[in-house]
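In what follows, a single structure is set out as structure tokens and then discussed.
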Amino acid sequence: MVQATSNVYGSLIGGQWIKGEEKLPVKNKYTGETIGYITNASRKDVESAVGNALETFKNNKLSVHKRYEILMKAAEIFAERKEELALTIVREAGKVLKDARGEIDRGIQTFIASAEEAKRITGEGIPLAGQPGNENKMSFTLRVPVGVIGAITPFNFPFNLTAHKIAPAIAAGNTVVLKPAELTPIIANKMAEILREAGLPDGYLNVVNGLGKDTGQYLLEDERIAMFTFTGSPGVGRHIKSTTGIRKVTLELGNNSPNIVHNDVADLDRAAELCVTRGYVNSGQACISVQRIYVQKEIYDQFVEKAIAVAKTINVGNPELEDTDIGPMISEKAAARAEEWIKEAEEQGAEIAFGGKRNGAVLDPTIVTNVKPSMKLVCEEVFAPVISIIPYETIDEAFEQANDSEFGLQAGVFTSDLNLAMKAAQTLEFGGVIINNVSTYRADIMPYGGIKNSGVGKEGPKYAIEEMTDERIVVIDL
Ligand SMILES: NC(=O)c1ccc[n+]([C@@H]2O[C@H](COP(=O)([O-])OP(=O)(O)OC[C@H]3O[C@@H](n4cnc5c(N)ncnc54)[C@H](O)[C@@H]3O)[C@@H](O)[C@H]2O)c1
Ligand SMILES: O=C[C@H](O)CS(=O)(=O)O
């Protein structure tokens, strides 16, 4: 097998690693040291990767059962190499060790679920005879793979979100050209090598590394790609939608997740613990991390006090240490931008109830109160370890404020009133409403995806396979 040499990843095309001319360093996000390189794939490399993926698709030889076996075998190898893969994420993403291990475990489950779903891809019988004039017809649908899928991934969950794209795509019988996030590419390249080791034949997964504006853009412009599956920022998502014309797209974009804690909450301590810890997960760099917390007035002071107490227990620092809860953000620039938003809110009357300090790329877990809907901390996606706690009087007021957002990915509600929970499920305009847990809850097999500027289409292996296949009607004249 042809391996990537040392720690330099070029493009993987038809089983060969092809080095590009421009070398881009990949940094350890905590220490700043260079831990590897990618080379920027040129337009020619991208064309060659897509051409090879298309040829492979046309000569598609992988039976459903073989796809199942390969995905299951890859899951087995991931499990064997879990510690090494977790450390790769820790170093290139700055994610703390326990969360990186959790991400590997989730990604393994995403592969297993995709393998299982490969065996369940099916159409349905269509009762055409129900319409007059069709008495002598039989009909059914097939689900057929779309062809070459362009997969573009973000930096924040570089293993599991890559798994959510490549595993269902392969399960459905497509071929894939993957462009990993340039800030955290090593883990995705290792996944590609492991898939080959698991028996995936050449050309089913090609990888082009490089910057979004170059390599990513070349991919978008290649008309031979039938569908794009993208996770990332709303700005790039909009660009992809407007560039790819009538081709299929799945876009998983941002959010500024609201969470409502009503005065009938069963366990206020649990709600405070979950809201705070899941607001700081991956230093707040999760699209469903808790950002806006609406708390009913009667329990507001108590909640703030408890939230501060939880925040005080958070260990900040070196992500390689077992007991660290928050490591660095992806870059000093990203942390400085969040610090700027905190300062701006403070100037406009907000109070920093906890944290707010920054040291390089490490931003302390922060709690802000007395915020206004117009502040960036509330109306934009913070994507940093910063939560805002906001009092409300009536539940309708809370629903209204939660919905007052350009985003609609997931929301959380804490209440012990079943009617109120059902009302929340009906009223909150989000792809997912999580009752008695936080917006950050995600099981990898559930349908997952947003509305409004949070995107289009669903992930979760079963649902991603629906997106990644076309429905073909077959009509038989008897
Ligand atoms: N909804 C979800 O499931 C979900 C999950 C994770 C992250 N996100 C969102 O992702 C964002 C953070 O991730 P990020 O900073 O890596 O996002 P990003 O949009 O900057 O980058 C994502 C990917 O897009 C590529 N890209 C950039 N410009 C491109 C172009 N012109 N053409 C093609 N590709 C291009 C990048 O190289 C990268 O691989 C946040 O907004 C977050 O909410 C959403
Ligand atoms: O960043 C958003 C991700 O979708 C979070 S998770 O990996 O799905 O939990």
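All ligand and atom numbering here is 1-based and tracks the order in the structure. The structure presented is a predicted model; accordingly, all values stated were derived computationally and were not measured. Nothing fancy with the numbering, it's 1 onward along the sequence.
Remark: of the listed residues Arg247, Lys248, Arg143, Lys248 is the sole one forming a salt bridge (charged side-chain N to carboxylate O under 4.0 Å, His left out) with Asp470.
Scanning the protein for heavy atoms near atom 25 (C) of ligand 1, the closest one is Ile152 CG2, 3.7 Å. In terms of protein heavy atoms, atom 26 (N) of ligand 1 is closest to Gly212 CA, 3.4 Å. At the top of the distance list for atom 9 (O) of ligand 2, counting protein heavy atoms only, stands Arg106 NH1, 2.8 Å. Regarding atom 39 (O) of ligand 1, its nearest protein heavy-atom neighbour is Thr153 O, 2.7 Å. The nearest protein atom to atom 44 (C) of ligand 1, hydrogens excluded, is given as Leu253 O, 3.0 Å; this is a heavy-atom distance. The shortest contact between atom 5 (C) of ligand 2 and any protein heavy atom is with Phe157 CE1, 3.7 Å. Given atom 19 (O) of ligand 1, the protein heavy atom at minimum distance is Ser233 OG, 2.6 Å. Atom 4 (O) of ligand 2 has as its closest protein heavy atom Tyr448 OH, 2.8 Å.
Using a 4.0 Å cut-off to heavy atoms of Arg442, the atoms of ligand 2 that qualify are 4 (O), 8 (O). Near Val236, meaning under 4.0 Å from one of its heavy atoms, ligand 1 places the atoms 19 (O), 26 (N), 27 (C), 28 (N), 29 (C), 35 (C). Heavy-atom proximity to Cys287, at under 4.0 Å, picks out these atoms of ligand 2: 1 (O), 2 (C), 3 (C), 4 (O). Every atom of ligand 1 is numbered from 1 in the order shown, and the set under 4.0 Å from a heavy atom of Gly216 is 32 (N), 33 (C), 34 (N).
Between Ile104 and Lys82, the shortest heavy-atom distance links the atoms CG2-CG, 3.9 Å.
Within the 4.0 Å heavy-atom cutoff, Gly455 does not count among the residues contacting ligand 1. Distances from ligand 1 to the non-hydrogen atoms of Gly235 include no value under 4.0 Å. Contact between His164 and ligand 2 is absent, with no heavy atom of the residue lying under 4.0 Å from the ligand. For Phe157, the closest heavy-atom approach to ligand 1 does not fall below 4.0 Å.
Counting heavy atoms only, Phe383 comes closest to atom 42 (C) of ligand 1 of the residues Phe407, Phe155, Phe383, Phe228.
At least one N/O-N/O distance between Gly232 and ligand 1 falls below 3.5 Å. Backbone and side-chain nitrogen or oxygen atoms of Ser454 are examined, and none is located within less than 3.5 angstrom of a nitrogen or oxygen of ligand 1. In terms of polar-atom proximity, defined here as any N/O pair under 3.5 Å, Asn255 makes no such contact with ligand 1. The shortest N or O to N or O distance between Glu182 and ligand 1 is under 3.5 Å. Note: no N/O pair closer than 3.5 Å links Arg442 and ligand 1 by distance alone.
Between Phe78 and Phe111, the gap from one ring centroid to the other is short of 6.0 Å.
Only the side chain of Leu409 comes within 4.0 Å of ligand 1, judged by heavy-atom distances. Counting heavy atoms under 4.0 Å from ligand 1, residue Leu219 does not touch it at all. By the criterion of a heavy-atom distance under 4.0 Å, neither the backbone nor the side chain of Glu459 is placed next to ligand 1. The proximity of Thr440 to ligand 2, defined as any non-hydrogen pair under 4.0 Å, does not occur for either the backbone or the side chain.
Under the 6.0 Å distance and 45° angle rule, Lys452 does not count as a cation-pi partner of Phe407. The side-chain tip of Lys95 does not point at the ring of Phe155 from less than 6.0 angstrom away and within 45° of straight on.
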If you apply the rule side-chain contact (heavy atoms from CB on, under 4.5 Å), what do you find for Tyr294 with Asn259, and how did you get there?
CA-CA 6 Å; Tyr294 296 100; Asn259 287 267; over 6 Å; no
